[in-house]
Amino acid sequence: MTETLYIQAINQALHEEMERDAEVIVIGLDVARQGGLFGATRKLYDRFGADRVIDTPISEAGFTGAAIGMAMEGMRPVVEIQFADFVTVAFDQLSTVAAKMHFMTRGATHVPLVVRMPYGVNVSGEGYMTGAGPHHSQSPENWFCHVAGLKVVMPSSPADALGLLKSAIRDENPVMFFEQKGLYYTSRAEIPDGEHLVPLGRAQVKRTGSDVTVIATGAMVMQAIAVAEKLDADGISLEIVDPRTLVPLDRETILTSVAKTGRAVITHEAPATAGFGAEISAVIAEHGFADLKAPIRRVCALDMPVPPGSMVRATMPTQGRIEAAVRELL
Amino acid sequence: MALNEEQLIAMYRALAGSRSAEHEITELNKQGVLSGHHSGLGHEAIGVGVGFAVRPDDCVQMSHRSGMMLAHARGGYSLSDAVLSQFGQAPSHYAQTEGGPRTCSIVGLVGTWVPMSVGIAMADRFRGKDTVTVTFFGDGAANEGAVHEAMNLAGTRRLPIVFVIENNGFAVSMPTSEATAAEDFASRAAGYGMPGVTVDGHDALAVYEVATQALARARAGRGPTLVEAVITRWEPHAQGIADLRSAEEMAEARIRDGAQILRAALIERGLLDEAAAAAIQAQIDEEIRAACEQGQSTKHASAEPAPMTPEAAAALTYA
Ligand SMILES: Cc1ncc(C[n+]2csc(CCOP(=O)(O)OP(=O)(O)O)c2C)c(N)n1
C-alpha cells in the first residue's frame, strides 16, 4: 500500500497504461511540456515523447474529433479537456460521432476513447471552499449520461481514480471520465500495490450502516462520510454507496442497500433538476418502492450557474444539508 | 483622425496608469494577497490604443488581458476601480455601467464569445445604427471553430465589426508557432474576404491608427477588418501556473514596453518632458496606493454566506 494523492493516481494510471500499450496516447491543451494545467500528465512527455503526448491548438472540437478518428483506427487516445466545462465545444463530436459509431456501423467500428474532465468546485474536508465561476466549476456528468453509447465514470478516491482510469482506457467504448478537481491535491489515501483495476459498472459500499442509505458521487462521498461520522454520535447509522460508474449503473448495489435501510438520500454536486440523482431516484422508485419507509430525498446544488467566490457555499450541497435531509427521514 | 496634444497626454496618462495598476495587481498576486490573476502586463497599449479610437456607443467585448486598460482608456473606469475590483469592492471592468461606454460580457471559454459579437453587429445594422462592434481574443482562441465561423459570417454580410487578435506568442504553454502553420493571423482575413492588418501592439499610436481606420471602414458600411496586434506576454499565463520560458526569454519579452514607447514618442514631439512624466506618475502612484490600502483593510470582512433559497437562485438565473 502506498499513500497517494488523487492527482498522482491519475498520473500513475496514465504512466502504467502507456507503458503497457504503445497505442495509448494523450492529447489535449498543455498536456506535454506543461504536464497539464493541474499536473495530471506530468512526466509523460519526458517518458513517451511528442508522438504520444500531443499538445494541440485550442480547438476542443478539433482535437476531440481527431482522437475519435484515432480510436476508430484502434488506437487508445486519452483526451484531456482542460476544464470539464469546455467540453461543450466538443459535445457534437462526442454525441454525434463517438457515441453512435458502434450502432451505426453495426459493430464494425467502435471508439475506445477516454475523455478526462476535471470538474466541480474546490473542496476540503470541511466542505466547499470557493467557486471559480460559472465556466470553470460545473459538474456536467449528466449531460453525457443521457447520450446512449457513452460510459460515464466518477471516481471519488485515489484508488478508484487509478483503477477506474486503467479500466476506462482498456474499455472498447467512449468513456467520459470525471475527476473532481478539488480532490486532486486534497484527497490522499492508500492505493493497493501492483496492478490495480476497478471494473466499470460496479458500485462500492463505502461504509456500512442501517438507518439511511446515502448515495453520493465524486466529492460528495467525502462529505457524506463526514456526516456519517458525526451522526454516529447520535446513534444514527448511515450506509454510503458510491456508484463510481454512472453509466452503466450498478443498480443492484443501490437497491440492496435501500432494501436494508428503507431510506435513501442522494447527493451530487450538479444541480438537482434532471441531474443524475433523478435517475437513481427513479431506479429506487421503480424497483425498490416496497422497501421504502420514507420518501427519497435529493441534496444537490441549486438550479443555477455556479457562483464565483465564497457565494458558492450558499448554493452547494453542504454537510449541513445532507444531515438535515437524513434527519427528516427518520 | 489625429489626436490633439491634450488627447495624446491623456493617452499617456491612461497607458502609464493602467500599466501601474496592472503591475500592482500582479504583484499582489505574487505576494498571495490576491489570487488567480491573468496578468495583462505587456498588453496595455492594445487596450489603450483601441480605447481611444472607439466611440462610447460602439460595443466592445474585452479580453482577459487588455480589458482593464481598455475600460480605463474609454473613461468612467478609474485606476482605483481597477484595483478595488480585485478586492471585490468595485464592479469588474467587464460590467456595463449605467451611462458608461457600451460593452458586452465575455464568457469563460475562449473564442466562445466571438459569434455573439457578430450578432451584436447584426442587431446594430438591423436597427440602422452607425455603431461598430469590436471584439478581442487571443492567438490561442483564434484557433477555435466558433471564431472561424463568426469571422466567415461577418465577411459574408459585410458587418460593422472589428476583430482584434492579441497575439502574445503563447496560449498557456503552447507557442503560436506550434499552434498555426501560417506565418501570421492577419493573412487569414483573405479567407473571410476582409482586410487583415498586423500592427505592433506595444505601440499605442500605431494601434490607435489601425483601429481608427478599421472603425471608419466598418462605419461606412464597407465591412469587417481583422487586426492582429503583436505583443509579448510578460508574465506567466496566470498566477500560479509555471511559465516554461527561460529567465532570458522572460526578460526578452519585457524589452518592448508600450509605456516607454509612447513616452519616448511624446518627448520627441516635445509634448512631454521627464518632469511632466514624473508628475503624472506621482498622481498615478498615489491613486493606486490609496486603493490598495482601502482594498486590503476591508478584504477580510466578508462573512460566511447564508444558504440561498431556490427562489433567490431562480431570480439570479432567469430574466
Ligand atoms: C474553450 C476553452 N478552452 C480552454 C480554455 C483555457 N484557457 C484559458 S485562457 C487560455 C489560453 C488562451 O490563449 P490566447 O487566446 O492566446 O490568449 P492569452 O491567454 O494568451 O492572452 C486557455 C487555454 C478556455 N478558457 N476555454
Side-chain angles (χ1 to χ4, degrees), chain A residues 28-39 42 45 50 54-63 65 82-83 85-90 92-93 127-128 130 132-138 271-273 301-318 320-321 324, chain B residues 35-36 64 87-88 92 94 105-113 137-149 170-182 236-238 240-245 300-318:
Chain A
L29 303 183
D30 307 297
V31 293
R33 284 152 299 192
Q34 189 85 28
L37 205 62
F38 295 99
R42 255 179 220 143
Y45 179 75
I54 305 169
D55 267 350
T56 69
I58 308 177
S59 46
E60 286 79 4
F63 66 75
Q82 206 157 57
F83 283 73
D85 312 69
F86 308 162
V87 76
T88 45
V89 180
D92 180 32
Q93 300 295 324
Y128 286 98
T130 56
H135 303 117
H136 291 79
S137 308
Q138 295 173 95
T273 299
L302 293 180
D303 289 308
M304 67 183 294
V306 184
S310 59
M311 186 184 171
V312 79
R313 298 204 289 271
T315 70
M316 295 301 289
T318 56
R321 285 178 57 205
Chain B
S35 64
H64 56 294
F87 290 96
S92 141
Y94 293 121
S105 179
I106 59 167
V107 294
L109 274 69
V110 299
T112 295
W113 64 80
F137 49 93
D139 52 277
N143 296 318
E144 285 282 14
V147 175
H148 292 290
E149 295 173 29
F170 285 93
V172 191
S173 71
M174 169 70 91
T176 308
S177 57
E178 289 177 32
T180 169
H237 171 72
I241 295 178
D243 200 308
L244 304 184
R245 289 176 287 183
H300 298 291
S302 67
E304 183 63 24
M308 193 182 288
T309 62
E311 293 72 27
L316 286 171
T317 307
Y318 294 95

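Everything quoted here is computed from the prediction, not taken from an experiment.
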TODO: For A:Y45, check ring-ring contact (aromatic ring centres under 6.0 Å, His included) against everything at least two apart and list the hits.
DONE: none

- [ ] Count the heavy-atom pairs under 4.5 Å between each of A:H136, A:E60, A:H135 and chain B, then report the option with the highest count.
- [x] A:H135

Task: Portion of B:V110 that has a non-hydrogen atom of chain A nearer than 4.5 angstrom - done: side chain

Open item on the list: Report which part of A:T56 has an atom under 4.5 Å of a heavy atom belonging to chain B: side chain, backbone, both, or neither.
Closed with: backbone

Task: Main-chain N/O of B:S173 paired with A:D30 side-chain donor or acceptor, under 3.5 Å - done: yes

Task: Region of B:A306 in contact with chain A, defined by heavy-atom distances below 4.5 Å - done: backbone

TODO: Tell me, for B:T180 versus chain A, whether the close heavy atoms (under 4.5 Å) come from the side chain, the backbone, both or neither.
DONE: neither

Open item on the list: Looking only at heavy atoms and a cut-off of under 4.5 Å, which of B:D243, B:L316, B:V107 has the most pairs with chain A?
Closed with: B:V107

Open item on the list: Using a 4.5 angstrom heavy-atom cutoff, name the option from A:V89, A:D85, A:L302, A:V312 with the most pairs to chain B.
Closed with: A:L302

Open item on the list: Checking A:L29 against B:V172 for the side chain to side chain contact (heavy atoms under 4.5 Å, CB included) test, could you report, in this order, the C-alpha distance in whole Å, the side-chain angles of both residues, the deciding distance, and whether it holds?
Closed with: CA-CA 9 Å; A:L29 303 183; B:V172 191; over 6 Å; no

Task: For A:R321, side chain to side chain donor-acceptor pair (under 3.5 Å) partners two or more places apart - done: none

TODO: Kindly compute the distance separating CZ (A:R33) from CD (B:E178), expressed to the nearest 0.5 Å.
DONE: 4.5 Å

Task: Contacting moiety of A:D55, where chain B heavy atoms sit under 4.5 Å - done: both

Task: Side-chain touch B:T317/A:P305, heavy atoms, less than 4.5 angstrom - done: yes

Open item on the list: Assess the residue pair B:M174 and A:I58 against the criterion (side chain to side chain contact (heavy atoms under 4.5 Å, CB included)); give the C-alpha distance rounded to whole Å, side-chain angles, the decisive distance to 0.1 Å, and a yes or no.
Closed with: CA-CA 9 Å; B:M174 169 70 91; A:I58 308 177; over 6 Å; no

- [ ] Kindly indicate whether the side chain of B:P305, heavy atoms from C-beta on, has any atom under 4.5 Å from the side chain of A:M311.
- [x] no

- [ ] Identify which part of B:A141 has an atom lying under 4.5 Å from any heavy atom of chain A, answering side chain, backbone, both or neither.
- [x] backbone

